[in-house]
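Contents: one structure, followed by commentary.
Given the structure is predicted, the values throughout are model-derived calculations rather than measurements. In what follows, chains carry the letters A, B, and so on, assigned in the order in which the sequence lines appear, proteins first and then strands, with residues in each chain numbered from 1.
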There are 2 protein chains.
Amino acid sequence: MQEAVEIISEKGLNALTMSTLSAKVGVTEGALYRHFSSKNELIMDILNDIFLETTSQISEVNSRKQPNVAKLQKIMENQLFLFKQRPAIANLLFAEEYFLTNHDIKILIYSIINTIQLYIQEIFENGKNNGEFKQNLNPRHISLMFLGTIRMLVMNWKLSDYQWDLPAQGKVFYHSFLEIIEEKNFNQ
Amino acid sequence: MQEAVEIISEKGLNALTMSTLSAKVGVTEGALYRHFSSKNELIMDILNDIFLETTSQISEVNSRKQPNVAKLQKIMENQLFLFKQRPAIANLLFAEEYFLTNHDIKILIYSIINTIQLYIQEIFENGKNNGEFKQNLNPRHISLMFLGTIRMLVMNWKLSDYQWDLPAQGKVFYHSFLEIIEEKNFNQ
DNA sequence: CTTTTGTAAGTAAATATTCACATACATGCA
DNA sequence: TGCATGTATGTGAATATTTACTTACAAAAG
């Protein structure tokens, strides 16, 4: 699974075939089928790992005793750092198109993104009740905008051939984002 | 090219092969090569059409004598309507992952998205100078957020199997978006 | 009679998956 | 300790299918 993630990170989803994977691992293709009943199962196992890793990271941040503004920043930071370290994660999470014909994988990606979105929505709800964020925010909408911004950032990053630092740019964007959603009169 | 777009709309990018296309058009595969030297050329020709169509639509809106708030709404409306009518356009524009290994196509997609982004950035700049939008907006950042929101919306729509109306939801989102960027004291 | 457009039948390479067979290793039993 | 047995893991070769693309030849059209 690690080697598969590496292939995707380096050469994209299309490059992940049972042949290239077996070559990279150093076994024959048949050996792979001792551990995964199909290529789809392999991909779904990887996605499940990403699911666990991402959600545990987010829920850890979520449980902290911090302002919601700080939580949000930390989540964005973590996520972009993850993408920087292992671009395959972004490749997989942003590849609905690729798995259009594969129902199970599509559903899995959907539930991952959905779960993340709900976590973030919760932060916006709390921050709104808190008085940290403006009262006219729609938590659901703003959480989707937040994720959309991250996605757009990652897309630009990929299309630029990873020429600039993703987490650093993320920070800049986060401040722009905060600028428009934060309640200025808020005092801790 | 029309038939190709239809295949992508109905069954996704993976379903577009020279074989399926020739069957749909009603000719042999060889005949396709009388008109397109390669599959990549076919895709790039389609992308170029989308480029022209989209940018001409946007620049038409841009040239109107309207508040920038209205321009922005019209552009979002047009774009989502386009995606609704021909989902292939969204499939193609949001498939960087798919074309990761194909440099020319990647560049083309990049330049399309970039051009659109710049158009929108201009609207934000004008609206800011105008007093329509808040003065603390970063036009570049906010335009990417705007596009990211559209993209997220389309992604959710696709993952939901097109079960809800994209332009209608877009309208709702646009109002949420406006809520946070609009200068409330602005009078035409 | 030359150019365009088509066909029919091929190509080689790549794809995921399967098969019969081999090896390694741990466990249980004499 | 020595041997048998079962299970996990590997090999190597083959499978059928699909892929983009090509080629030799024919009709059609200006």
Protein-nucleotide distance (Met18(A), atom CE; dA13(D), atom P), rounded to Å: 19 Å
Length of the line joining Phe36(B):CZ and dT22(D):P, which is rounded to integer Å: 16 Å
Interatomic distance, Glu29(B) CD vs dT18(D) C1' [rounded to whole Å]: 10 Å
Whole-Å distance separating the CG atom of Leu32(A) from the P atom of dC19(C): 17 Å
Interatomic spacing from CE in Met44(A) to CD in Glu41(A) - rounded to 0.5 Å: 9.0 Å
Sidechain-backbone polar pair: Asn91(B) side chain, Ile8(B) backbone, donor-acceptor under 3.5 Å: yes
Nearest-Å distance for atom pair CZ/C1', residues Arg34(A) and dT18(C): 10 Å
Spacing of Ile123(A) atom CD1 and Glu132(A) atom CD [to the nearest 0.5 Å]: 10.0 Å
Rounded distance in Å - OH (Tyr33(A)) to C1' (dA13(D)): 15 Å
Side-chain N,O (His35(B)) to OP1/OP2 (dG6(C)) below 4.0 Å: yes
Nearest-nucleotide pick for Val27(A), side chain only, options being dT11(D), dG6(C), dT17(C): dT11(D)
Proximal nucleotide (of dT19(D), dA24(D), dT22(D)) relative to the Ser19(B) side chain: dT19(D)
Touch class at under 4.0 angstrom, heavy-atom based, for Thr28(A) against every strand present: base
Protein-nucleotide distance (Leu21(A), atom CG; dA14(C), atom P), rounded to Å: 17 Å
Atom pair distance, as rounded to whole Å: CG in Leu16(A) and P in dT17(C): 11 Å
Side chain Trp157(A), main chain Asp165(A), donor-acceptor under 3.5 Å: no
Contact nearer the 5' end of DNA chain C, comparing Asn14(A) with Gly30(B): Gly30(B)
